[in-house]
Each structure stands twice: as structure tokens, then as C-alpha cells.
*Asks:* 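I have a structure I would like to understand better, so I am pasting it below and will then ask my questions one at a time.
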Amino acid sequence: MTDETQKTQFFQTLNSVPNGKVVTYGQLADLSGMSKRARLVGRWLKELPEGSKLPWHRVINAQGKISFPEGSEQFFEQKERLALEGIVMHNGKIKLKEYQWQP
DNA sequence: GAGATGACCATTG
DNA sequence: GCAATGGCCATCT
């Protein structure tokens, strides 16, 4: 069992997130078979190239917020992509109750 | 090998 | 509901 295997599993899970839904880091880690590795998930997402086909913008933290500093380019892009899928933010936060993916 | 860092999480006050 | 605290785990200096 290498970390590459887990990475593949993780990316596969991420790729199966439906349009209009979001997932948290911990949830993705759990679905990929690593319950306490949410930080590693964040690390992998950071490594992704911009042109990646993966829905990285559908990944938010457990507080229903985008994990980039507000005002940064990354923050803005993620917010924009989510808006295109019908996911809007209320007072800087997303309603996990409505938008969180439930496999 | 010790200490710091990070797209985090759960608990506590 | 929000901020502070401790915990987790891989990578970097």
C-alpha cells in the first residue's frame, strides 16, 4: 500500500463528486480510507495544476468556508466556480446542510 | 533528528 | 456562533 495508491483513490473519489455539491477535506479523506489525513488531502490539492479536470473547487473545510484567505485570487476563483454550479455563499459561508455531498 | 509548517478537524469556553 | 486549543500526519528546513 503506497501513498500513490491512496492518492489515486482520493482523486477518483474527488472526481465522482457531482455538480452542485461540495465535500469537506475530512470527508474526502474518510472516503479514501484515511480518516485522519485531512491535511494531506489539502496538500495534494495544492499540488494540482490549474488545468486539472478535477473539481477541486468543490472541496471546502468542515466549517463550510473556503480555505483560502479572503481576497486572494484562489479564493475568488473557487467562489466563482461554485457560483456557476449554483452554490452560493451566505455571509462568507456555504450551507453544508444543503450542498454537502452524501454518497 | 528536532522544530516549524500547512487549501484541516473536533472540542471547549 | 466565534475564537482559542490540542491533535493528526506528511513534508521541509
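FYI, side chains are in, hydrogens and waters are out, and symmetry mates aren't considered; it's all heavy atoms of this structure. Numbers restart at 1 for each chain; the letters A, B, ... are given by sequence-line order, proteins then strands.
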*Asks:* Where the side chain of A:A38 is defined as all heavy atoms beyond and including C-beta, which of B:dC9, B:dG6, C:dC12 is the nearest nucleotide?
*Replies:* B:dC9

*Asks:* What is the distance from NZ of A:K93 to C1' of C:dA3, rounded to the nearest Å?
*Replies:* 12 Å

*Asks:* Go through it in stages, so that I can follow the logic: the residues are A:R43 and A:E47, the test is salt bridge (Lys or Arg N to Asp or Glu O under 4.0 Å), and I'd like the CA-CA distance, side-chain angles, deciding distance and then a yes or no.
*Replies:* CA-CA 6 Å; A:R43 187 184 227 306; A:E47 301 268 326; 3.5 Å; yes

*Asks:* Calculate the interatomic distance between A:Q74 atom CD and B:dG6 atom C1'; express it in whole Å.
*Replies:* 15 Å

*Asks:* Distance between the C1' atoms of B:dG1 and C:dC12, in whole angstroms?
*Replies:* 13 Å

*Asks:* How long is the line joining CD of A:Q27 and C1' of B:dA10, in whole Å?
*Replies:* 16 Å

*Asks:* Rounded off to whole Å, could you give me the CZ-to-C1' distance for the A:R37 and C:dT11 pair?
*Replies:* 15 Å

*Asks:* Starting at atom CD of A:E50, determine the distance to atom C1' of B:dA7, rounded to an integer number of angstrom.
*Replies:* 14 Å

*Asks:* To the nearest Å, give me how far apart CD (A:Q63) and P (B:dA10) are.
*Replies:* 10 Å

*Asks:* Under 3.5 Å, is there any donor-acceptor pair linking the side chain of A:R39 to the base of B:dG6?
*Replies:* yes

*Asks:* Tell me, with the steps shown, if A:E85 and A:R58 meet salt bridge (Lys or Arg N to Asp or Glu O under 4.0 Å).
*Replies:* CA-CA 10 Å; A:E85 299 187 355; A:R58 292 181 192 147; 2.8 Å; yes

*Asks:* Side-chain donor-acceptor pair under 3.5 Å between A:N61 and A:S67, yes or no?
*Replies:* yes

*Asks:* It should be established whether A:K65 places a side-chain nitrogen or oxygen under 4.0 Å from OP1 or OP2 of nucleotide B:dC8.
*Replies:* no

*Asks:* May I ask you to say what A:K36 touches in the nucleic acid, namely base, sugar-phosphate or nothing, with a heavy-atom cut-off under 4.0 Å?
*Replies:* sugar-phosphate

*Asks:* Assign the ring pair A:W56 / A:F68 to parallel, tilted or perpendicular, where the plane angle (0 to 90°) is split at 30° and 60°.
*Replies:* perpendicular

*Asks:* Whole angstroms only, please: what is the CG-P distance between A:L40 and C:dC12?
*Replies:* 12 Å

*Asks:* Can you measure A:K97 atom NZ to C:dG1 atom P for me and round it to whole angstrom units?
*Replies:* 10 Å

